[in-house]
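Comments concern the structure below.
Atoms within a ligand are numbered from 1 in the order they appear, just like the ligands themselves.
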Amino acid sequence: MIIIEKTTITAAILDMDGVLWRSDESLCDLKKLFSSFEQFGVKVLMATNNGLSTVDQYIYKFDKLGVQIEPWQVLTSAIAVGYLVKQQLPNGGPVYIMGEQALFSTLEEFNFYHSENEPQAVIAGLTKKFTYEMLKNTSLAIQKGIPFYFTNPDPSYPSPEGNIPGAGTILAALETASGIKAILAGKPLPFLFNVGIERLNSKPSETLVVGDRLSTDILGGQQSGCRTALVLTGISTRADYENWSPKPDLLLNNIMDLFSL
Ligand SMILES: [Mg+2]
């Protein structure tokens with residue numbers, strides 16, 4: 001069992017990049033990780049701010065690494081924004097969408113479709129095909145006074161070339177151009193974690209959020225009332241941890257260390 005301050009952990013919400021893998025390089029033996037969670041009686045769900053891939057693409061990636069997961073076990077910022085908009089527009093309908101294909105297809109599952117004709121909201125996220133034309137048209141749609149949703153605010157993300165522009169860079173451009181602040185769905189807002197807790201049917205105090213970034217995973221986990229574990233296999237360093245408050249419950253060199261506490 002994993003026990004934190006006398007509470008037995010029954011569920012875990014894992015970040016993927018920087019926790020399970022870095023690009024295509026695995027950071028642990030995934031098969032062993034998932035069988036250990038099962039042995040320890042912990043239900044697992046993955047939550048990522050990366051909205052560029054669909055659930056099916058993640059299932060395929062896990063499958064290639066020897067682990068079978070179910071669709072409910074993956075939450076992306078694109079799915080989170082779908083849940084968030086659905087709260088206001090329960091019947092779906094026409095919305096103005098700017099983002100990658102994964103955002104369009106994910107929102108379709110929530111019965112939203114792209115239309116420039118009387119959209120009820122603007123929903124945007126990172127796209128690597130970003131142009132001035134897209135910025136202009138999306139900004140004009142936002143200025144019509146309909147709600148403006150955005151997937152997640154990460155300013156940049158690591159790549160083999162160094163830190164490259166993330167969703168937050170495009171968010172800043174849209175907010176600057178339109179003068180209107182977006183409603184956010186992804187980490188560090190607690191919303192994505194709250195959806196995860198609901199899917200896991202667990203109590204926040206018995207749910208452990210594992211992530212490599214203090215400002216998104218740990219902050220968001222803490223805000224949703226979960227226990228948190230920072231792993232040092234990704235973005236945040238031990239020095240970042242020393243300077244961070246309040247501290248996560250656990251500091252791990254690798255996620256596998258959870259099973260030898
Ligand atoms: Mg990460």
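Residue-level check: among N/O/S atoms of D212, OD1 sits closest to the Mg ion (ligand 1). If you look at D17 and ask which of its N, O or S atoms sits nearest the Mg ion (ligand 1), the answer is O. Among heteroatoms of the N, O or S kind in D15, OD2 lies nearest the Mg ion (ligand 1).
Between the CD1 atom of I13 and the OG atom of S202 there is a distance of 6.5 Å, given to the nearest 0.5 Å.
Hydrophobic cluster membership is shared by L192 and L208, with clusters built from Ile, Leu, Val, Met, Phe, Trp and Tyr side chains linked at under 4.5 angstrom. The same ILVMFWY cluster, assembled from side-chain heavy atoms under 4.5 Å apart, contains both F259 and F34. Grouping the Ile, Leu, Val, Met, Phe, Trp and Tyr side chains by contacts below 4.5 angstrom, directly or via other members, places L230 apart from I4.
Within the coordination shell of the Mg ion (ligand 1), defined by N, O or S atoms under 2.8 Å, D217 is absent.
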